[in-house]
A.B. asks: 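Before I ask anything, here is the structure I am working with.
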Amino acid sequence: MAQMNLLQAINNALDIAMAENDSALCFGEDVGHFGGVFRATSGLQEKYGKARCFNTPLVEQGIIGFANGLAAQGSTPIAEIQFADYIFPAFDQIVNESAKFRYRSGNEFNVGNLTIRTPYGGGIAGGLYHSQSPEAYFAHTPGLKIVVPRNPYQAKGLLLASIRDDNPVIFFEPKRLYRASVGEVPEEDYQLPIGKAEVTEQGSDITLLAWGAQMEIIEKAAEMAKKDGISCELIDLRTILPWDVDTVANSVLKTGRLLISQEAPLTAGFASEIAATIQQECFLHLESPIERVCGIDTPYPLSLEKEHAADHLKVYEAIKRSINY
Amino acid sequence: MAQMNLLQAINNALDIAMAENDSALCFGEDVGHFGGVFRATSGLQEKYGKARCFNTPLVEQGIIGFANGLAAQGSTPIAEIQFADYIFPAFDQIVNESAKFRYRSGNEFNVGNLTIRTPYGGGIAGGLYHSQSPEAYFAHTPGLKIVVPRNPYQAKGLLLASIRDDNPVIFFEPKRLYRASVGEVPEEDYQLPIGKAEVTEQGSDITLLAWGAQMEIIEKAAEMAKKDGISCELIDLRTILPWDVDTVANSVLKTGRLLISQEAPLTAGFASEIAATIQQECFLHLESPIERVCGIDTPYPLSLEKEHAADHLKVYEAIKRSINY
Amino acid sequence: MNTDIYKEGPVVHNAAFIDGHSVEIPILKILQQDGTVYQGAELPKINEEHAVKIYKALAFHRALDERMIGAQRQGRISFYMAALGEEAASIGGAAGLEAQDMIMAQYREQGALIYRGFSLENFMNQMFSNEKDLGKGRQMPIHYGSNELNYMTISSPLGTQIPQAAGYAYGQKLQGKDAVTLCYFGEGAASEGDFHAGLNMAAVHNAPVIFFCRNNGYAISTPSDEQYVGNGIASRGVGYGMKTIRIDGNDILAVLKAVQLARAYAIEESKPVMIEAMSYRLGAHSTSDDPSGYRTKEEEEKWHAHDPLSRMKSWMLAQNWWDEAQETALFEQLREDILAAVKVAEKIAKPPVEDLVSDVYDQVPEHLQKQLTSLKAHIKKYPEAYPLTAGRIK
Amino acid sequence: MNTDIYKEGPVVHNAAFIDGHSVEIPILKILQQDGTVYQGAELPKINEEHAVKIYKALAFHRALDERMIGAQRQGRISFYMAALGEEAASIGGAAGLEAQDMIMAQYREQGALIYRGFSLENFMNQMFSNEKDLGKGRQMPIHYGSNELNYMTISSPLGTQIPQAAGYAYGQKLQGKDAVTLCYFGEGAASEGDFHAGLNMAAVHNAPVIFFCRNNGYAISTPSDEQYVGNGIASRGVGYGMKTIRIDGNDILAVLKAVQLARAYAIEESKPVMIEAMSYRLGAHSTSDDPSGYRTKEEEEKWHAHDPLSRMKSWMLAQNWWDEAQETALFEQLREDILAAVKVAEKIAKPPVEDLVSDVYDQVPEHLQKQLTSLKAHIKKYPEAYPLTAGRIK
Ligand SMILES: Cc1ncc(C[n+]2csc(CCOP(=O)(O)OP(=O)(O)O)c2C)c(N)n1
Ligand SMILES: Cc1ncc(C[n+]2csc(CCOP(=O)(O)OP(=O)(O)O)c2C)c(N)n1
Ligand SMILES: [Mg+2]
Ligand SMILES: [Mg+2]
């Protein structure tokens with residue numbers, strides 16, 4: 001075991017993936033010699049050569065198009081989009097191409113080897129275009145898998161699983177935690193399951209559900225609630241698509257209450273899908289409405305970012321609201 | 001009043017908008033001389049000249065980028081995307097640009113004059129790429145308005161309102177109904193309100209909610225249910241964003257039951273947002289779980305399109321499930 | 001790292017614009033319409049066997065298009081796209097490649113698939129979207145694909161295959177394969193952002209890909225002068241630092257020659273090449289289109305005179321590699337085979353309901369399995385509403 | 001409708017590729033580094049008053065950049081982007097336009113705004129995202145915009161302004177305005193699909209737009225030879241049939257000359273023009289970047305010798321339009337003013353909580369009004385957690 005921050009854990013996973021598989025490539029804007037603007041690919045060009053780890057021209061639709069082609073050919077592309085806010089020029093290549101490649105061809109061809117890594121999320125004074133959490137934009141797309149880790153240990157295990165998964169995976173990295181989150185990470189190879197949520201804390205009064213950097217927020221809120229004698233069960237969804245209905249539903253059957261918190265704005269966020277499904281799965285067991293604590297329905301602001309955010313205080317208030325319903 | 005089909009109603013609305021406003025322009029792929037592949041812009045080039053109604057090069061991101069620039073300049077662009085399935089190359093221009101133009105500039109600039117028209121929806125043997133209903137992909141974007149008409153009368157009134165609305169509007173046209181739906185349409189100018197749902201039929205046992213071409217489906221299902229003695233209240237949402245929570249909630253407070261049907265696949269569709277909000281607004285009045293009757297979670301298929309679709313029989317079964325819960 | 005950020009041109013002190021049409025682009029023509037070769041023209045590598053194979057593919061294509069347009073009119077298939085008058089581009093392209101080369105086409109290049117030997121049954125099964133379709137009946141007619149024949153399944157969104165081809169070719173190179181990727185697209189699709197992305201990435205990353213633009217003058221109703229105002233698509237080649245050639249796209253020998261050269265260059269230099277083949281879409285865009293709304297019969301007539309089939313035929317006759325009896329027999333046989341194949345294909349069942357949810361992922365995930373289960377129960381309840389699948393649900 | 005689908009070039013019968021570098025692109029240079037004008041060079045329209053205005057803008061820019069990099073280091077602002085060494089591109093660009101022309105910039109062109117008279121206070125208020133910021137404190141520092149000054153608010157996503165500029169200019173033309181749009185972008189952003197879209201659309205629709213590429217050799221850490229392998233960005237002009245000129249971007253007179261000519265051409269011919277200005281990003285990409293990770297000090301040194309400020313200064317001195325005393329006084333004053341303005345701006349309150357939800361739409365819709373109401377109640381409950389807004393909530 002070693003102490004790693006989230007970036008190091010990701011770098012380590014990429015290193016393992018490239019070492020074991022000659023056809024694995026890492027590329028994207030500034031990903032080569034420089035190692036990416038966050039340095040997630042640091043040292044990989046030196047180790048694996050310029051043919052396997054390189055800068056691309058500045059064109060997201062090209063990066064993912066190129067990656068789709070590589071994946072179809074049998075290589076294992078791991079493409080980086082510099083910020084999740086800049087993934088939209090590649091939306092067509094992801095939603096119309098990556099996601100539908102296998103289906104439309106009757107499995108004659110597929111891009112299952114594709115992994116897209118991209119830093120997401122706010123809280124770093126990034127304003128409209130360095131803060132977005134766009135997971136829900138992709139979640140309406142059968143054929144994609146979407147994974148979000150909450151800490152270094154999860155990041156390494158889930159990224160290795162994503163790279164090896166035989167479906168296109170978008171791997172959203174919580175950039176606020178890149179250096180802030182440090183933890184024990186095994187140096188050897190391991191994988192964590194895609195498609196499985198994790199109960200990170202048992203509780204009996206209410207289920208709190210989040211993913212990625214937002215886990216920290218609900219943990220903090222749960223601490224506050226504990227002082228009021230409220231016992232929270234915490235779940236990290238980990239995979240947004242396809243998501244683990246059973247783990248969430250089982251928890252809610254037990255606690256009778258659900259709160260979902262996401263960084264992204266409320267309307268049509270992924271919390272809505274979860275609420276819609278769980279109200280159906282657990283209808284007779286719900287003791288209060290499912291709460292969604294999300295960003296305000298605006299573009300991501302700069303100076304009022306605290307006000308915009310779904311912070312622990314807003315989550316805490318919503319816990320009390322739910323309990324006292 | 002005249003009999004018009006949905007295409008004629010749209011053509012008529014465009015004609016009125018261009019006649020009253022010299023700065024209104026219609027453009028897109030094949031929109032000029034030919035009048036668009038569906039002929040929605042038929043005759044407009046002859047009438048208003050090539051400078052105001054024209055073919056563009058084949059580049060959706062360019063069409064919307066160009067339209068954003070025109071709108072910022074003070075013109076009134078009405079851009080056509082040939083099929084909603086091909087709107088994704090313009091996703092960045094819509095979601096990162098159109099939607100955020102006013103906010104990011106502190107209202108120094110805006111693209112409120114922008115309207116994007118695009119035919120959407122299935123049931124025409126179009127397979128993966130001539131059948132999609134992508135409204136939910138845009139609904140997670142504060143700053144956009146999204147409108148879907150269900151018939152010729154609605155189409156004309158809502159399109160004129162969309163063009164004149166001082167916000168960027170995506171206007172999804174149910175192409176299955178282009179020629180199939182015919183009705184009385186006033187020849188003169190009129191507008192229908194954006195942001196307001198319409199109760200198209202009063203009922204007492206369950207609220208059925210849909211939009212666009214899917215209205216036909218829930219009407220048919222309601223007919224069937226009526227024969228079983230079930231009284232359905234029907235609502236056409238009409239505007240997806242910002243949506244009319246009050247009208248829906250009031251209906252559900254009355255009926256105690258809600259079924260939402262959309263063409264698009266289930267997961268993370270807009271029905272999920274509605275269900276999530278209404279379970280909260282009407283928690284104590286719900287007598288059964290909110291039902292979502294949607295497309296199967298796959299890309300849109302060709303030969304199995306009937307099996308994939310949320311048809312009236314599936315809606316009817318869900319009505320009974322809800323009533324008998 | 002290179003800090004010479006531009007190629008040093010002459011330094012001037014008086015401002016003058018470079019003209020937007022300052023690149024002169026020659027057009028390669030080898031075969032004249034009467035079947036004679038231009039004086040001094042250098043032929044591609046071709047022998048009798050190869051020539052006959054190419055010519056038979058052209059004939060097959062013509063016969064198939066004519067027949068399937070008819071089948072669509074009769075309501076037997078829902079949609080069709082012909083390549084009348086521009087068959088030499090797709091067939092000549094495939095004929096200049098090796099079997100291991102990948103072809104990533106737009107949609108009007110069924111000729112390449114014909115050349116590679118996609119069976120008549122396979123064509124029909126796709127168009128009738130029956131259960132024997134390699135694509136499992138999921139896409140509209142003419143969206144063919146074959147892993148075995150290295151022909152990437154067609155995707156309707158235009159231009160998306162262009163950066164994909166760059167990536168595919170890069171992978172081939174990285175793995176040391178003796179193979180290139182040939183990427184077809186129309187002059188309309190060349191307006192898409194993905195075109196720019198793909199060509200630049202291929203150039204920067206030295207991907208052995210042949211970008212083959214079929215410039216047929218129209219994108220549906222949009223004539224090329226409303227698509228671009230530069231000198232065709234070839235003039236963009238210099239913008240990417242890419243070797244480029246313009247050819248007469250109705251001249252099968254010019255197509256073959258250009259592709260043979262391009263392939264050799266792409267393999268040896270590990271670099272991309274662009275070919276622009278000038279042609280004309282003689283027919284409608286698709287069976288949903290009616291060109292009389294946007295162009296004249298006279299314009300079309302003009303191009304009938306450049307027919308690539310009759311041009312090649314005249315050459316074949318002159319070579320004594322073909323005769324009129326063979327011609328008649330071939331077309332008769334083709335029409336008969338195609339008609340027979342239509343009749344077989346339309347009777348084959350549609351794909352089973354399980355194919356609705358397979359291949360979304362590598363394995364059917366839980367939520368889709370559940371959706372399938374309740375769908376099946378629903379179909380059993382209303383079998384008459386789902387006639388294609390109801391009969392076979394257990 | 002035009003059916004001449006390509007410009008007839010010579011017909012050839014032997015295949016040969018056009019070389020990827022077959023367009024020769026001269027570079028316009030007027031002013032030498034020592035301040036003398038090249039023999040025979042034709043000057044732009046410029047007089048003393050105009051020259052002094054330009055030079056003062058250059059000085060302001062240099063002083064602002066130096067000071068704000070410092071302010072960022074001290075933690076007073078969160079982020080900054082300087083244009084050290086390439087100020088002539090933005091300032092010369094604005095100086096060649098009329099006030100009614102729209103400027104749509106990328107982000108490294110604050111010089112154009114300086115030239116147009118954006119006040120020091122406005123710069124500061126934006127960077128401190130306080131309540132007097134025209135942008136209401138919503139975007140990161142340097143995302144300026146001013147309706148009054150016809151300077152479109154900066155948007156971080158690269159390349160998006162390029163097709164927008166085409167549309168903007170088309171609207172200007174349609175409404176008969178005597179105005180063009182000038183669109184700045186970097187050689188990195190020129191790789192985006194939106195670049196291709198914007199240039200082609202402008203060319204096809206005859207939009208009076210000046211596409212101004214600042215080619216400064218880098219896109220963050222990516223040197224231009226990993227961005228493209230053609231001859232700079234100018235070589236793409238012929239692909240769009242667009243008049244194009246390459247200039248020395250550190251030569252203020254060359255920039256001015258090119259923009260003056262381009263504007264006249266765009267207005268008179270109603271057509272777009274492309275300018276490629278060759279320069280070098282002397283500083284870091286932004287305050288978040290450290291170039292020592294990807295390039296050498298020596299390389300940077302080389303370019304220090306091409307400083308556009310000292311070049312113009314030498315010329316001004318030789319014209320007797322400037323002297324060293326003015327120079328010293330100007331820079332002293334600038335530094336003083338900037339420091340004072342920093343101190344004022346950082347004390348101005350941040351925008352009120354209402355600005356969180358305004359301008360999402362033209363009016364605050366019901367759901368946002370509700371979200372604001374409950375947010376306010378929440379802030380009142382926890383005022384210490386929201387110190388920027390808590391004090392002012394009624
Ligand atoms: C992204 C996208 N936009 C629009 C369309 C609709 N469409 C199908 S074919 C076509 C014209 C293509 O013209 P071109 O590339 O010249 O090929 P050609 O049909 O002439 O062979 C259009 C606009 C599409 N399929 N994909
Ligand atoms: C769509 C998009 N992708 C990526 C980025 C991140 N990014 C910001 S600046 C930059 C480099 C731009 O280089 P260039 O266009 O040459 O301009 P320069 O910084 O040299 O002035 C990158 C990659 C972005 N802002 N937008
Ligand atoms: Mg074409
Ligand atoms: Mg640059």
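Chain identifiers are assigned alphabetically (A, B, ...) following the order of the sequence lines, protein sequences preceding nucleic acid strands; residue numbering begins at 1 within each chain.
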A.B. asks: Where on B:Phe101 is there a heavy atom nearer than 4.5 Å to chain D: the side chain, the backbone, both, or neither?
C.D. replies: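 Interface part for B:Phe101: side chain.
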A.B. asks: Classify the angle between the aromatic ring planes of B:Phe91 and B:Phe138 as parallel (below 30°), tilted (30 to 60°) or perpendicular (above 60°).
C.D. replies: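 Tilted, since the angle between the ring planes falls between 30° and 60°.
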A.B. asks: Given the options D:Pro351, D:Ala207, D:Pro157, D:Gly145, which has more heavy-atom pairs under 4.5 Å with chain B than any of the others?
C.D. replies: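 Going by pairs under 4.5 Å, I would pick D:Pro157.
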A.B. asks: Validate the cation-pi geometry between D:Arg116 and D:Tyr151: distance from NZ or CZ to the six-membered ring centre under 6.0 Å, angle to the ring axis within 45°.
C.D. replies: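 No; the conditions do not both hold, so D:Arg116 does not lie above the ring face of D:Tyr151.
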A.B. asks: With respect to chain D, which residue among B:Pro142, B:Gly112, B:Ala67, B:Ala99 yields the maximal number of heavy-atom pairs within a distance under 4.5 Å?
C.D. replies: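 That would be B:Pro142.
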A.B. asks: Go through it in stages, so that I can follow the logic: the residues are B:Glu97 and D:Gln161, the test is side-chain hydrogen bond (donor to acceptor under 3.5 Å, both in side chains), and I'd like the CA-CA distance, side-chain angles, deciding distance and then a yes or no.
C.D. replies: CA-CA 9 Å; B:Glu97 295 289 318; D:Gln161 81 281 15; over 6 Å; no
A.B. asks: Among D:Lys136, D:Lys173, D:Arg138, which residue forms the greatest number of heavy-atom pairs with chain B at distances under 4.5 Å?
C.D. replies: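 Option with the greatest count: D:Arg138.
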A.B. asks: Select, from D:Ala197, D:Pro365, D:Ser146, the one with the greatest count of heavy-atom pairs under 4.5 Å involving chain B.
C.D. replies: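 Among D:Ala197, D:Pro365, D:Ser146, the one with the most close pairs to chain B is D:Ser146.
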A.B. asks: Can you tell me which portion of B:Asp246 sits under 4.5 Å from chain D's heavy atoms? Options are side chain, backbone, both or neither.
C.D. replies: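 Side chain of B:Asp246 only, per the 4.5 Å heavy-atom cut-off to chain D.
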A.B. asks: Side chain from CB out, backbone as N, CA, C, O: work out which of these in D:Leu149 comes under 4.5 Å of a heavy atom of chain B, or both, or neither.
C.D. replies: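 Looking at D:Leu149, nothing touches chain B.
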A.B. asks: What part of D:Phe195 lies closer than 4.5 angstrom to a heavy atom of chain B: side chain, backbone, both or neither?
C.D. replies: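 No part of it gets close to chain B.
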A.B. asks: Tell me, for D:Ala166 versus chain B, whether the close heavy atoms (under 4.5 Å) come from the side chain, the backbone, both or neither.
C.D. replies: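 Backbone plus side chain of D:Ala166, per the 4.5 Å heavy-atom cut-off to chain B.
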A.B. asks: Checking heavy atoms, do the side chain of B:Asn107, its backbone, both or neither come under 4.5 Å from chain D?
C.D. replies: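 Answer is both: backbone and side chain atoms of B:Asn107 are under 4.5 Å from chain D.
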A.B. asks: Heavy-atom cut-off 4.5 Å, strictly under: side chain, backbone, both or neither for B:Leu25 against chain D?
C.D. replies: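 For B:Leu25, the contact with chain D is made by the side chain alone.
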A.B. asks: Where does D:Leu134 contact chain B at under 4.5 Å (heavy atoms): side chain, backbone, both or neither?
C.D. replies: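 For D:Leu134, backbone and side chain are both near chain B.
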A.B. asks: Parallel, tilted or perpendicular: which describes the rings of D:His205 and B:Phe54, with under 30° parallel and over 60° perpendicular?
C.D. replies: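 Correct class here is tilted.
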A.B. asks: Does any heavy atom of chain B fall under 4.5 Å from the side chain of D:Met102, the backbone, both, or neither of them?
C.D. replies: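 Looking at D:Met102, just its side chain touches chain B.
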